[in-house]
Amino acid sequence: MAKPKYTSHVGMVDILPDESPKWRALENIIHEEAVRFNFEEIRTPIMEQTELIVRGIGQLTDIVSKEIFAFEKGDSHYVLRPELTAPVVRSYVEHHLDQRGGSQKLYYIGPMFRAEKPQKGRQRQFHQFGVEVIGSDDPVADVETIAFMMRIYERIGIRNFELKLNSVGDPESREAYKEALREYLKPNLSKLSEVSQKRFEKNPMRILDSKETEDQEFIKNAPVIQDYLNEETASHFEKVTQYLDDLGISYTIDPYLVRGMDYYTRTAFELTSPDLGSQDALAGGGRYDLLVEEIGGQPTPAVGFAAGMERLLIACEELGIELAEEKSVDVYFVTLGGAARSFAIKHLPKLREAGVSATMDYMSRSMKAQMKDANRENARYTIIIGDNELNEGKFTLRNMKESEEDSLSFNEILTKLS
RNA sequence: GAGCUCGUAGCUCAGUUGGUUAGAGCGCCAGGUUGUGGCCCUGGAGGCCGUGGGUUCAAAUCCCAUCGGGCUCCCCA
């Protein structure tokens, strides 16, 4: 097939009419559950200042170092947002949302951008939904965040997954642990992979997350952060696990779980699914108690997660879960001749005002073609209008499923359908 | 950034050791039925065989390059 002159950019896909209903169904579920959890929606711009993303996520992360779409215009440095935690925190600080009182329970749905090579479950423009609870230190916030995430999958019917949990420590225990880790790795530093060596000074914990083969034997026997958590952090983590147990949410503790963004502290979690292939992370998140201050606000604890919507839909596909109902329309006007067409166009609004979805042929086609179109559109009823009907003021209402017809006035039809 | 693999109609795919006007199913349009959809029958439209170059009397088919898709590694949603 010859390539069309214009195509979408690599890794940026159109959501076509056959696909969009399931997206809307998913969005509706997220909005509904958010209401039940009393989370409020926040919408931020697609672009942010480059500096915010670099500072927020971390200079050395993969996201910032190689996956960002950035450009300049005049003196401004724009970046297409690769994730939404840093932008939401920016908004929180910029608009003093702390002044609304209490903790802010925010959620979002929207497109994100990362300049990666696309593959299954990975696009350059993709969609996430997520939650950010800003202002609470309480393990309840961690667990409610996780519970919201799990609730979405539960409601959709995706149950085949693993929730991995870890604590990456507060600043104090983290420093102690990093020191121990450096101490442990130092003798073999030159044997580690290049990436890991680069991370050694600034972020040795990411080494634990390494998939490089030469790193594995050192990771295997590395000290575990749990042994370095101070009392407060350990007790926070224990409360999180206890609440999760109370809720019947099962998880596995993975002491080497380290997430891709530098801002995480204490609770970290990740949800993976065997139905996804190699890009198996459905969702991930954790606490980021230092980020608000890093971005210029008051020291404020926070926790959140982000979930990939394409990946969720892939899992649905694998599991045979249909999110959207078949398309349909209540009424299709089948018109014969100009008078019938002008009658139809005048009466469409009356049906719609009554809450009945209604359409008609736009192409002046034969009756047979109109009936065929009505069938394709999955119309519940056709209203057939010709000269006979117009003269008598009675129209043929055809039930398409039952293949039964009635002769009724328009008002009778309106009453019957609304 | 690296590897593997695939590009033929809107979609899914045939196309023999290179050999005349490149095919099927589905979908689309029309007719069979001058006022009735789905099922059926008939017909039609729709192809620079991804693109460029090479080999050959002859290329969808062989070779090279290039672009695009899919999958994998890395990393992440």
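All chains are named by letter (A, B, ...) in the order of the sequence lines, taking the proteins before the strands, and each is independently numbered beginning at 1.
- Atom CZ in A:F395 sits roughly 17 Å away from atom C1' in B:U36 (whole-Å rounding).
- Heavy atoms of A:E310 sit nowhere under 4.0 angstrom from any nucleic acid atom.
- Applying ring-ring contact (aromatic ring centres under 6.0 Å, His included) to A:H31 and the options A:Y107, A:F129, A:F37, A:Y108 leaves one that passes, A:Y107.
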Side-chain polar contacts of residues 379-392 of chain A - donor-acceptor pairs under 3.5 angstrom, sequence neighbours left out - could you list them?
unit_1, atom_1, unit_2, atom_2, d
A:R380, NE, A:D330, OD1, 2.9
A:R380, NH2, A:D330, OD1, 3.0
A:E389, OE1, A:G386, N, 3.1
A:E389, OE2, A:T396, OG1, 2.9
A:N391, ND2, A:D387, O, 3.3

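- Of the candidate nucleotides B:A77, B:G35, B:C71, B:A77 has the atom lying nearest to any side-chain atom of A:A281.
- Residue A:Q123 is in base contact, counting any heavy-atom pair closer than 4.0 Å across all strands shown.
- A:V334 comes within 4.0 angstrom of no nucleic acid atom, judged by non-hydrogen atoms across all strands.
- Nucleic acid contact class of A:A283 (heavy atoms, under 4.0 Å, all strands): sugar-phosphate only.
- There is no side-chain donor-acceptor pair under 3.5 Å between A:T145 and A:D142.
- The CD atom of A:E404 sits 15 Å away from the C1' atom of B:U36 (whole-angstrom rounding).
- Residue A:R365 places its CZ atom among more than 12 non-hydrogen atoms of other residues, nucleotides or ligands, all under 6.0 Å distant.
- Using P as the reference atom, B:C28 and B:G70 are 27 Å apart when rounded to the nearest Å.
- If you take atom P in B:G69 and the same atom in B:G50, they sit 16 Å apart, rounded to whole Å.
- Nucleotide B:C76 holds its P atom 20 Å from the CZ atom of A:R81, rounded to whole Å.
- Taking atom CG on A:N391 and atom P on B:G35, their separation rounds to 15 Å, with Å as the unit.
- Distances from the side chain of A:N388 to the nucleotides B:C75, B:G35, B:A2 place B:G35 closest.
- Residue A:N378 is classed as having no contact, given no heavy-atom separation below 4.0 Å to the nucleic acid.
- Within 4.0 Å of A:G121, counting heavy atoms only, lies at least one base atom of the nucleic acid.
- Closest to the side chain of A:A369, out of B:A30, B:G3, B:G35, is B:A30.
- Residue-level contact check: A:D373 touches neither bases nor backbone, having no heavy atom under 4.0 Å from any strand.
- Remark: P of B:U33 and CZ of A:R365 are 21 Å apart, rounded to the nearest angstrom.
- Residue contacts for A:L282: at a heavy-atom cut-off of 4.0 Å it reaches the sugar-phosphate backbone alone, with no base atom in range.
- Between the side chain of A:N399 and the backbone N or O of A:S403, no donor-acceptor pair lies under 3.5 Å.
- Comparing the C1' positions of B:G68 and B:C76 gives an interatomic distance of 24 Å, to the nearest angstrom.
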**Request:** Under 3.5 Å for both distances, Watson-Crick or G-U wobble, that's the pair rule; now give the dot-bracket for RNA chain B, with | marking pairs to another strand and [ ] for crossing ones.
**Result:** (((((((..((((.....[...)))).(((((.......))))).....(((((..]....))))))))))))....
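- Between A:R266 and A:D137 there is a side-chain heavy-atom pair separated by less than 4.5 Å.
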**Request:** Go through A:N166 and A:E270 one step at a time and tell me if the side-chain hydrogen bond (donor to acceptor under 3.5 Å, both in side chains) criterion holds.
**Result:** CA-CA 9 Å; A:N166 191 22; A:E270 203 167 277; over 6 Å; no
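- Using P as the reference atom, B:A24 and B:C41 are 15 Å apart when rounded to the nearest Å.
- Of the side-chain N and O atoms in A:R376, one or more sit less than 4.0 angstrom from OP1 or OP2 of B:C28.
- Residue A:E116 is classed as a base contact, given a heavy-atom separation below 4.0 Å to a base.
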Could you list all N or O pairs between the protein and nucleotides 38-44 of chain B that sit under 3.5 Å apart?
unit_1, atom_1, unit_2, atom_2, d
B:G38, O4', A:N375, ND2, 3.1
B:G38, O6, A:S403, OG, 2.9
B:G38, N1, A:S403, OG, 3.3

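- Taking atom CD of A:E19 as the reference point, atom C1' of B:C11 lies 13 Å away to the nearest angstrom.
- Contacts of A:E389 with the nucleic acid, taken as non-hydrogen atoms under 4.0 Å apart, include base atoms.
- B:C4 and B:G23 have their C1' atoms separated by 31 Å, given to the nearest Å.
- Using a 4.5 Å cut-off on side-chain heavy atoms (C-beta onward), A:P82 and A:F113 make no contact.
- Between A:Q128 and A:T382, it is A:T382 whose nearest contact on RNA chain B lies nearer the 5' terminus.
- Taking atom C1' on both nucleotides, B:U51 is separated from B:C6 by 16 Å, rounded to a whole Å.
- At a cut-off of 3.5 Å, with distance as the only test, a side-chain donor of A:T233 or A:D170 sits close to an acceptor on the other residue.
- Remark: C1' of B:G37 and CG of A:N399 are 12 Å apart, rounded to the nearest angstrom.
- Ring geometry for A:F410 versus A:H347: interplanar angle over 60°, hence perpendicular rather than tilted (30 to 60°).
- The shortest distance between the side-chain N/O atoms of A:Q119 and the OP1/OP2 oxygens of B:C71 is not below 4.0 Å.
- Spacing between B:A60 and B:C13 at atom C1', rounded to whole Å, works out to 14 Å.
- A donor-acceptor pair shorter than 3.5 Å can be found between the side chains of A:Y251 and A:D245.
- If you take atom C1' in B:G47 and the same atom in B:G3, they sit 33 Å apart, rounded to whole Å.
- A donor and an acceptor atom never sit less than 3.5 Å apart when one is taken from the side chain of A:Q370 and the other from the base of B:U36.
- Distances shorter than 4.0 Å separate none of the side-chain N or O atoms of A:R122 from OP1 or OP2 on B:U72.
- For the pair A:I134 and A:Y288, the minimum side-chain heavy-atom distance is below 4.5 Å.
- At whole-Å resolution of the value, CZ in A:R114 and P in B:C74 are 17 Å apart.
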